[in-house]
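Everything numeric in this text was worked out from a predicted model, so none of it was measured. Just so it is clear, the values below take in all heavy atoms, side chains as well, and ignore hydrogens, waters and symmetry mates. In what follows, every chain begins at residue 1, and chains take the letters A, B, ... in the order their sequences are listed.
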2 protein chains.
Amino acid sequence: MFKLLNSDKLVTQTEISKESGLSQQTVSRKLKELEEEGIIQRIIIKDGEYIKLTDKGEEELKRCIEDILQLIMRTKILHIKGKVTAGLGEGRIFLSIPYYIESFKKYLGFEPYAGTLNIVIYDRISLENRLILDLAKGIIIPEHKEPNRVLGSVKAFPSSINSISPAAIVIPARTTHPKSVVEIISPYYLREKLSLKDGDEVEIEVYL
Amino acid sequence: MFKLLNSDKLVTQTEISKESGLSQQTVSRKLKELEEEGIIQRIIIKDGEYIKLTDKGEEELKRCIEDILQLIMRTKILHIKGKVTAGLGEGRIFLSIPYYIESFKKYLGFEPYAGTLNIVIYDRISLENRLILDLAKGIIIPEHKEPNRVLGSVKAFPSSINSISPAAIVIPARTTHPKSVVEIISPYYLREKLSLKDGDEVEIEVYL
DNA sequence: ATTACTATATTCCGAGTAG
DNA sequence: TCTACTCGGAATATAGTAA
């Protein structure tokens with residue numbers, strides 16, 4: 001049932017019924033209820049219907065994931081692997097702003113080196129774990145208003161990279177990054193400390 | 001209900017009942033069912049019970065998270081299958097131009113092998129997914145002007161091919177390709193690495 | 001084909017209560 | 001106190017159809 005729910009494709013209740021093991025009638029009723037609750041939006045035409053999650057629906061599902069995470073994250077460690085890449089860095093801008101440097105020191109306990117290490121993710125598991133970071137709590141460095149600009153909030157996750165710590169994945173609240181890139185800060189110049197060059201694979205352990 | 005489920009603390013069904021809004025009787029029955037299904041493990045004593053998720057339970061919950069992620073992911077995974085074909089490659093031209101090689105390294109995190117793998121799509125679903133790529137953001141390798149020529153921008157999507165990654169689908173901004181062909185780059189010589197010959201079917205996972 | 005209504009069948013919940 | 005049973009009523013699912 002779920003898999004077909006956020007499709008931009010035309011689906012029929014019979015298809016959903018087969019996939020979910022429920023009857024077509026139950027699917028009909030459930031979809032109607034979900035629509036009435038504002039979880040999904042439907043366009044019904046002669047040959048079937050188009051179904052889309054609403055923002056509210058997305059929020060609810062994110063809450064579900066958070067609840068589940070609370071449960072299974074006794075292990076509290078996620079693994080993300082990827083390859084070192086240049087550029088793409090919004091993070092290095094943060095590292096030139098005293099407010100963020102002070103905040104990292106205060107919230108993470110270390111003074112960050114003046115640049116970030118950018119990692120491109122290319123496998124499904126790591127990508128999923130990266131998406132979980134969007135939903136997980138993390139350490140929030142709060143928004144900071146200055147006379148002529150607003151410094152947006154940043155979420156950070158204490159991590160180790162190739163077994164070196166401390167380090168942290170930082171995710172700006174407003175990012176233009178694709179979800180397949182993460183930025184690491186650390187007190188060390190990691191490229192040197194780990195002898196990394198573009199394309200080298202690294203393994204990140206993220207502590208939730 | 002959930003929050004108390006993985007506790008190493010002693011909990012009573014009345015507590016869970018209050019937290020979940022269900023009756024103590026229902027909690028009793030549900031816990032019994034979960035235990036019989038092997039999702040949780042319980043130690044019941046006079047003052048309450050200790051409840052722990054089993055490995056199976058944890059797996060099931062992880063599957064739930066994956067399902068939900070599939071639904072809400074802006075970063076979606078698309079599947080495209082097709083058959084290996086020779087020629088048609090505009091891509092191999094890119095791979096002889098240093099600017100593109102450097103850019104692929106920078107934006108994708110790997111140094112591409114000097115040739116592309118061309119895939120012909122022949123089924124409706126894959127074709128639809130291919131068309132979605134035209135609309136999706138992807139990773140843009142920007143246009144580059146040189147004294148005597150302009151190197152057009154290229155859109156890339158991190159992918160895996162027959163579970164081998166890293167790899168990327170590359171789509172030139174100005175292409176003469178039909179929409180039913182995609183070009184893959186990778187650090188590997190994929191034909192050899194995957195023992196492919198013309199006409200072999202491959203499955204591509206694309207990360208949006 | 002579709003989606004969805006109505007009436008019947010099944011499942012589920014919780015009050016009372018036992019152990 | 002605990003957990004867990006029985007059982008009647010409520011909620012939910014399906015079969016048969018309508019539109």
Side-chain angles (χ1 to χ4, degrees), chain A residues 1-61 63-64 67-68 70-71 74, chain B residues 1-58 60-61 63-64 67-68 70-71 123-125 127-129:
Chain A
M1 176 133 171
F2 269 160
K3 289 222 185 75
L4 291 169
L5 259 188
N6 205 20
S7 172
D8 291 327
K9 293 206 319 276
L10 189 69
V11 291
T12 68
Q13 293 179 1
T14 310
E15 281 167 31
I16 298 174
S17 162
K18 271 176 193 144
E19 165 143 341
S20 65
L22 298 167
S23 67
Q24 172 271 318
Q25 293 87 339
T26 297
V27 171
S28 170
R29 183 166 39 77
K30 287 292 185 194
L31 289 176
K32 202 154 158 282
E33 285 166 12
L34 287 170
E35 188 175 29
E36 280 158 6
E37 290 169 49
I39 306 287
I40 61 170
Q41 203 176 347
R42 299 194 292 166
I43 300 166
I44 302 172
I45 61 173
K46 197 154 50 73
D47 308 320
E49 51 196 290
Y50 295 94
I51 306 174
K52 230 179 62 183
L53 266 181
T54 62
D55 289 346
K56 183 184 168 190
E58 195 168 315
E59 284 314 308
E60 301 255 336
L61 287 176
R63 278 204 330 92
C64 285
D67 288 349
I68 297 173
Q70 303 277 353
L71 263 184
R74 273 182 311 126
Chain B
M1 177 134 174
F2 269 152
K3 287 220 186 77
L4 290 170
L5 259 187
N6 207 21
S7 171
D8 290 327
K9 293 205 318 279
L10 189 69
V11 290
T12 69
Q13 293 179 0
T14 310
E15 282 166 29
I16 298 173
S17 163
K18 271 176 191 144
E19 165 143 342
S20 64
L22 298 167
S23 68
Q24 172 271 318
Q25 294 86 339
T26 297
V27 171
S28 168
R29 184 163 33 77
K30 289 291 183 195
L31 289 176
K32 199 154 159 286
E33 284 166 13
L34 287 171
E35 188 176 27
E36 281 159 5
E37 290 170 48
I39 307 287
I40 61 171
Q41 202 175 349
R42 299 194 293 168
I43 300 165
I44 303 172
I45 61 174
K46 197 151 50 72
D47 307 320
E49 51 195 291
Y50 296 94
I51 305 174
K52 229 178 62 181
L53 265 180
T54 62
D55 289 346
K56 181 184 168 190
E58 195 168 315
E60 301 255 335
L61 286 177
R63 277 206 329 93
C64 284
D67 288 349
I68 297 173
Q70 302 279 354
L71 264 182
D123 68 300
R124 204 177 57 82
I125 304 286
L127 191 59
E128 278 177 7
N129 287 339

Should L31(B) and I16(B) count as side-chain neighbours, where that means a heavy-atom distance under 4.5 Å?
yes
Close side-chain approach of K32(B) to S28(B), heavy-atom, < 4.5 Å
no
I68(A) CD1 to I68(B) CD1 distance, which is reported to the nearest 0.5 Å:
4.5 Å
Y50(B) OH - dT3(D) C1' separation (whole Å):
16 Å
Exercise answer: donor-acceptor pairs, residues 37-44 of chain B side-chain atoms, under 3.5 Å, sequence neighbours excluded:
unit_1 : atom_1 : unit_2 : atom_2 : d
R42(B) : NE     : E35(B) : OE1    : 3.1
R42(B) : NH1    : E49(B) : OE1    : 2.8
R42(B) : NH2    : E35(B) : OE1    : 3.0

How many angstroms lie between atom CD of E15(A) and atom CG of L10(A), to the nearest 0.5 angstrom?
7.5 Å
Under a 4.0 Å N-O cut-off, is there an ion pair linking R63(A) with E59(A)?
no
Write down the distance between CD1 (I40(B)) and C1' (dT3(D)), rounded to a whole number of angstrom.
13 Å
Set of residues satisfying side chain to side chain contact (heavy atoms under 4.5 Å, CB included) with respect to T26(A), sequence neighbours excluded
L22(A), S23(A), R29(A), K30(A)
For Y50(B) and I45(B), which heavy atoms make the closest approach, and how far apart are they?
CE1-CD1, 4.0 Å
Quantified as the angle between the terminal helix axes (five pairs each), what is the overall bend of the helix from dT2(C)-dA19(D) to dG19(C)-dC2(D) to 10 degrees?
40°
Which residue lies more 5' along DNA chain D, comparing K32(B) with T14(B) via nearest heavy atoms
T14(B)
Rounded to whole Å, CD1 of I43(B) lies from C1' of dT3(D) at a distance of 15 Å
Among all residues two or more places apart in sequence or in another chain, which pass the salt bridge (charged side-chain N to carboxylate O under 4.0 Å, His left out) test with K18(A)?
none
Could you give the start and end, 5' to 3', of the contact zone on DNA chain C for chain A, using atoms under 4.0 Å from its heavy atoms?
dT2(C) to dC5(C)
Shortest non-hydrogen pair, T12(A) vs G48(A), comes out as CG2-CA, 4.2 Å
Write out a two-atom table: protein N or O, nucleotide N or O from nucleotides 11-15 of chain D, distance below 3.5 Å.
unit_1  : atom_1 : unit_2 : atom_2 : d
dA13(D) : OP2    : R29(A) : NH1    : 2.8
dA13(D) : OP2    : R29(A) : NH2    : 3.0
dA13(D) : OP2    : K30(A) : NZ     : 3.4
dT14(D) : OP2    : S23(A) : N      : 2.9
dT14(D) : OP2    : S23(A) : OG     : 2.8
dT14(D) : OP2    : T26(A) : OG1    : 2.3
dT14(D) : O5'    : S23(A) : OG     : 3.4
dA15(D) : N7     : Q25(A) : NE2    : 2.9

